[in-house]
Structure formats: C-alpha cells, structure tokens
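These notes concern the structure reproduced below.
Numbering of ligands and ligand atoms starts at 1, following listing order. Treat the numbers as computed from the prediction; the structure is a model and nothing was measured.
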Amino acid sequence: MAGAASQSNLYGHLAAGFAARLDTVAVEVPGGPRITYRALDREAGRWAAALRGLGLAPGARVAVQVEKSREAVLLHLALLRAGLVHLPLNPAYRPAELEHFLTDARPQALVCDPGREAELAPLARGAGVRHLLTLDPAGGGSLPARAARVARGLPLEPRAADDPAAILYTSGTTGPPKGAVITHGNLVANARALERAWGWREDDVLVHALPLFHVHGLFVACHLALRGSRLRLLPRFEPEAVVRAFAGATVFMGVPTQYARLLACERLAREACAGMRLFVSGSAPLPERLFHAFRERTGHAILERYGMTEVGMALSNPLAGPRVPGTVGVPLPGVEVRIVDARGLLAAEGETGELQVRGPSVFAGYWNAPERTAAAFAADGWFRTGDLARRDPASGHYAIVGRLRALIVTGGYKVQPEEVERHLEALPGVAESAVFGVPHPEWGEAVTAAVVPEPAARLEEAALRAALRERLAPYKVPKRILVVEALPRNAMGKVERRRLAERHRDLYAGAAPLSRRSTPS
Ligand code: MCA
Ligand code: AMP
C-alpha cells in the first residue's frame, strides 16, 4: 500500500484515498460482478507482477486495445502501480490506424482481445512489440491467466511527478496523430483539482458509460471514483440502462450526444435521478437547448467543463453558484488560462482569442516529436489549445466559441479531416476530396465529405463508405459523402473546407434529432 514517499505514483494517490475503505465496493457492473478495494488492490498487485515478470522495466510502454470491462479498469491500475506507461487504444481502430500508434510509440507489450490476436500479431511483430497478451471482456485471456499464477503482488513502484503514466494519441493539426505524454504528476494534480471543485465524496457512486481509452472516461471518471467511492461500470452506453443505473448513484459524466440520447429516453424523469447530485458534460460543446431540456425534465443543471488531452481538465462551471449554459465556467484550482489574439498579445476584455493554459496538469510533450511539442507551446511556455474562447467580463465565465484547427468534434470523438481525406483519395476513382464538419442534431458535428471523381469514374456513396470502414474506425467514416464536380478553392488554390461546411450546413437539419440511423447504409 502507498506510503507518503510514493505519492507521485497516481496509484499511490488512489490508494491513499481507499486505504480506509478496503471492504467497500470499488467497481460494480450492473447485473454482474462486484469487487472490493481489498480485492482490487490485491489483483492490481498480481497483474502488475505478471506484467513486470515479462521483463518489462518501469517506464516501458504497454499498448492496450481491449473492450470495456472491469478488468480493463484493473489493467489501468496495474500499469500505474507497476510504473508502466499505459497506451490505451480504441478497440474500433483498424489495422491501418493501429500501425502508426505501434510503430511510433514502439510499445514493449500489446494487450488485445483474443479475437484480434491473429490479426494483430504481424502488426505487433513488425513494430517490434515483444509481448502480445490477451484480455477478453469476461476477464479471460493470457494476461489474467498469467496473473493468476503470480504468488505475490508487486509493491507500488515509486514514481517521480514527471515520470510518464500514459501516452494518449491525439489528432495532429498537420501530420499523423501525436502521442501526448501524460505524467503521474499531471494526473494527480488534475484529480486533486477536480476532487475539490466538484466536492467529491467518499460515498459517491459514479455511473460510468464512457469509453476507457480517452481522458474523460479513463482519467477524469476513474481517478475521481477510485479514491474510495464506487464506480458503477456500464460496458456500453445504452440510455435505458444508464437511467436505471442512476438508482442509488450520485454522479454521471457524459458527452453532449449522450445527454441528447438520455433525453430521448422516456424513463428519464425526476424520480429516476432522485439520488443524483451531479451531472457533468464535456468533450464537446453542450448545446444550450440540451442544458434547458435536461433541467426541465430532471431538475438538474448539467455542469459543463472544458478539457483537452494535453492539459487535462482546465475550466469548469461551479458546483455551488450559477452554471451558465453556453459557458465552460472558470479555471479549476491551480490552472491558469489566458486568451491571446492573432498577434500573440493578450486579448482585450471580452474579446475572442486562442485559449492558452498553464499549470501542473499540462502534459510533458509529444512522444518523440520535439518540434511538434515546441510548436504547441507559446514562447513563454503556455500551451496553445487551438480553441477560440471569450471571457464574459461580468460573470468571469469563459465560453468556447470556435476552433483555430480544422478538427471535427463528433459525439465527443475528434476527427482530423486530413486523415479521412488521405484514405478517401487512396480509393480508386477519387481524384480529390475535402472533409468537413456539418452541424448535426445528434452528433454535434457530423463528419462529411465531398469527393471529385476522376474523369470517367463513377463513384457511389455507399461503396465509398463501405471501403472507408475497412480502413478507419466507424466514427471517422463520413455520415455523408457527396460526389461533386469541383471543390471550392481560395485565391492560393487551397481547398476551402469552411465554404463547403457553410454550403451544406442544412444537410442534416432534417435528421430526426435522436435517430440512430441518420446515415445511408
Ligand atoms: C459511434 N459512431 C459515431 C460516434 N460514435 N459516429 C460519429 N461520432 C461518434 N461519436 C458510429 C458508430 O460506430 C456506428 O457506426 C454509428 O455511429 C451508430 O453508432 P451507435 O451505436 O449509435 O453509437 P454508440 O456506440 O452508442 O456511441 C455513441 C457514443 C460514443 C456513446 C456517444 O460516441 C461515445 O462514447 N462518445 C464519447 C467519446 C469520448 O469519450 N470522448 C472523450 C474524449 P456504423 O453504424 O457505421 O457502425 S476526451 C476529450 O474530449 C477531452 C479530454 C475532454 O474534454 O473530455
Ligand atoms: P481531445 O483532443 O479529445 O482531448 O479533445 C479536446 C477538445 O475537445 C478541446 O480542444 C475542445 O475542442 C473540445 N472540448 C472539450 N470540452 C469542451 C467543451 N465543454 N466545450 C467545447 N469544446 C470542448
């Protein structure tokens, strides 16, 4: 168990919180198993020993591409405890996407679903991955089998605050995704700030319906809950099941698309949320109409906050005090933010400019990419988010009003247009393409493409989408692909995605707000 000297290891921070609650439930899956902190701690020790027993030294990187499960949470804890660096990957990624992560990060081990082992083995070999282990959602696989044979758990591996805890790949403005190196110090600082800001309580029960491979679901949710309170883990987001899980729970964290889907669920009513104290939204802008509709239906004002992989959570509406819809609140404890104009000077009061962040949760840099790291920071060390923000001088609240980057935010996932364009243009018959975001009632923005056929080629939307699905995770596949004669260009000859987005802004206006079938199949 943790001693004060090991507090820089995030696991030590969690263990210091749960030490007095070893016999309470740590993680439960509705209708499934429960595990107490005592058992979780013991298992994390065994899994950590099994991983280190492979010859992995502290600091070694372990890529993880598994389905969401209680064991996936346990694996995260084991990696932290062992001082190994967790590289979480969306199980929907296709081999073409995975190859970049593996060859760039060069992990020493990869944990995957047994069903994908054969497909991933050659990729892993090609990237020099020494150990390929498996973990299935029911808790089986070669990693748990190895852990079961361990006689003694691994004690907590001491870590310094600037030792890496995780590498999370995030879309680059130009070029392929970059690995954001997040340290134990970053994670502990952010967990502490959120604990204070959101008044975290020992008896909180968090309903968890987010993926376990992004900051929101893996760090924000787990690192708050696993300090002694209870994580109620749902394997996937199903509105009915989520509302049922609110019974006896206190906190929910979601992306706006999830709130839209909850509102479409009749079961969502005041009584269903009677014991809940906090609903948090983030990862994408929460439309004001959703905020109001949710309050009307449940009596709860959703607390919207803002974050980014590279900086953790930075701004939050208050726990006590007005939660202003359309804003992301004020800086979290210990976080500094500023708004900078196009000349790089502090923007005037109430003016829009780039949001920049400084503080202990700001990441260490991009993996193996010093130039890209340098470009991400202003000369005086503030991180440049690429988001446009404005501060309301009267309330002090910040609002995110746009983006400097061409990034598309769809249901909380981020899609880089260039990546999709590259894959589209590799398809036979496609001369050129442009990918852009269009407002969508359910996804916030929907990835949308315009393609120009090569002379005499005939392009079919459904066939193009099907071909892309082989190469890209489904959320990156454009909901619509429009075949056009030419793309709009500026005087320099550069394709103007913004003009396309403007031209097609009503493309999804007719989509039923909560249809699960808003795309042609
Ligand atoms: C699934 N699909 C999507 C998305 N999710 N398409 C566009 N955008 C999406 N976000 C695809 C599916 O693959 C499927 O494609 C079709 O849309 C319908 O899927 P459905 O079953 O309805 O979706 P789902 O599996 O229920 O997922 C919806 C979801 C999910 C639960 C809202 O998108 C989700 O978990 N989003 C949260 C992402 C997240 O955690 N972001 C945090 C990043 P097909 O029919 O073709 O198979 S961290 C971050 O942003 C910072 C740090 C922060 O501030 O938090
Ligand atoms: P990621 O790259 O997945 O870490 O996502 C970070 C991005 O999500 C930010 O740069 C914002 O563009 C967006 N984001 C997160 N929270 C909010 C929010 N509350 N409102 C608007 N955008 C947000």
Below 3.5 Å, N or O to N or O, backbone or side chain included: is there any such pair between His214 and ligand 1?
no
A quick test of your reading: do over 12 heavy atoms of other residues, nucleotides or ligands sit less than 6.0 Å from CZ of Arg267?
yes
Hydrogens and angles aside, do Tyr169 and Thr309 bring a side-chain donor and acceptor to less than 3.5 Å of each other?
no
Where's the contact between Gln416 and ligand 2, heavy-atom distance under 4.0 Å: side chain, backbone, both or neither?
neither
Test of proximity, Pro211 against ligand 1: N or O pairs below 3.5 Å:
no
Does Lys414 have a non-hydrogen atom less than 4.0 Å from ligand 1?
yes
So for Val215, does at least one of its heavy atoms come nearer than 4.0 angstrom to any atom of ligand 2?
no
Examine distances only and state if a side-chain atom of Asn90 and a backbone atom of Phe213 form a donor-acceptor pair shorter than 3.5 Å.
no
Does Val255 reach ligand 1 with a nitrogen or oxygen that is under 3.5 Å from one of the ligand's nitrogen or oxygen atoms?
no
Ser283-ligand 2 polar pair, N/O distance under 3.5 Å
yes
If you measure only the distance, is there a donor-acceptor pair under 3.5 Å linking the side chains of His216 and Arg305?
yes
Around atom 6 (C) of ligand 2, find the nearest protein heavy atom and jot down its residue, atom name and distance.
Gly307 O, 3.6 Å
Please confirm whether Lys476 comes under 4.0 Å of ligand 1, counting heavy atoms of the residue only.
no
Counting only heavy atoms, tell me which of Gly254, Ala221, Ser283 gets closest to atom 42 (C) of ligand 1.
Ser283
Over 60° means perpendicular and under 30° means parallel, so classify the ring planes of Trp443 and His440, tilted if in between.
tilted
Donor-acceptor side-chain pairing of Glu421 and Ser433 below 3.5 angstrom:
no
Which one of Gly411, Ala260, Ala473, Gly312 has a non-hydrogen atom at the shortest distance from atom 36 (N) of ligand 1?
Gly411
Which residue supplies the protein heavy atom nearest to atom 19 (N) of ligand 2, what is that atom called, and how far is it?
Arg305 O, 2.8 Å
Tell me if the centroids of the rings in Phe279 and Phe294 come within less than 6.0 Å of each other.
yes
How far apart are the closest heavy atoms of Glu419 and Glu97, and which atoms are they?
OE2-CG, 4.1 Å
Decide yes or no on side chain to side chain donor-acceptor pair (under 3.5 Å) for Glu310 and Tyr366, but give the supporting numbers first.
CA-CA 9 Å; Glu310 289 90 332; Tyr366 296 113; 2.6 Å; yes
Do Arg261 and ligand 1 have an N or O pair less than 3.5 Å apart?
yes
Could you verify whether a donor N or O on one side chain and an acceptor N or O on the other, from Lys476 and His423, lie under 3.5 Å apart?
no
Distance to the ring centre below 6.0 angstrom and angle to the axis at most 45 degrees; does that hold for Arg277 and Trp200?
yes
Sub-3.5 Å N/O-N/O distance, Tyr306 and ligand 1:
no
Checking heavy atoms under 4.0 Å, the part of Ala284 that sits near ligand 2 is backbone
Pro285 contact mode with ligand 2 (heavy-atom cut-off under 4.0 Å):
both
So is Arg465 polar-close to ligand 1, meaning N/O to N/O under 3.5 Å?
no
If you measure every N or O of Thr410 against every N or O of ligand 1, does any of those distances drop under 3.5 Å?
yes
Are any of the N/O atoms on Pro474, whether in the backbone or the side chain, positioned under 3.5 angstrom from an N/O atom of ligand 1?
no
Nearest non-hydrogen contact to atom 4 (O) of ligand 2 from the set Leu168, Thr309, Val401 belongs to Thr309
Is Glu304 touching ligand 2 with its side chain, its backbone, both, or neither, if touching means heavy atoms under 4.0 Å apart?
side chain
Is it the case that Thr250 and Asp204 place a side-chain donor and acceptor less than 3.5 Å from each other?
yes
Do Ile302 and Val280 have side chains that approach each other closer than 4.5 Å (heavy atoms only, starting at C-beta)?
no
Closer than 4.0 Å to some heavy atom of Asp387 - which atoms of ligand 2 meet that?
9 (C), 10 (O), 11 (C), 12 (O)
Could you pull out, from Ala446, Gly307, Ala209, Ala92, the option with a heavy atom nearest to atom 51 (C) of ligand 1?
Gly307
Would one find an N or O of Thr385, backbone or side chain, under 3.5 Å from an N or O of ligand 2?
no
Tell me which protein heavy atom sits closest to atom 3 (O) of ligand 2, plus the residue, atom name and distance to 0.1 Å.
Lys414 NZ, 3.0 Å
Under 6.0 Å between the ring centres of His214 and Tyr413?
yes
His216 heavy atoms within 4.0 Å reach ligand 1 at atoms 42 (C), 48 (S), 55 (O)
Heteroatom proximity flag, Thr257 to ligand 1, N/O under 3.5 Å
no
Determine whether any heavy atom of Val477 lies closer than 4.0 Å to an atom of ligand 1.
no
Under 3.5 Å, is there a donor-acceptor pair between the side chain of Glu445 and the main chain of Val409?
yes
Between Gly437 and Ile408, which heavy-atom pair has the shortest distance, and what is it?
N-CD1, 3.6 Å
Taking non-hydrogen atoms only, is Met308 closer than 4.0 angstrom to ligand 1 via side chain, backbone, both or neither?
backbone
At the 4.0 Å heavy-atom cut-off, does Arg469 count as touching ligand 1?
yes
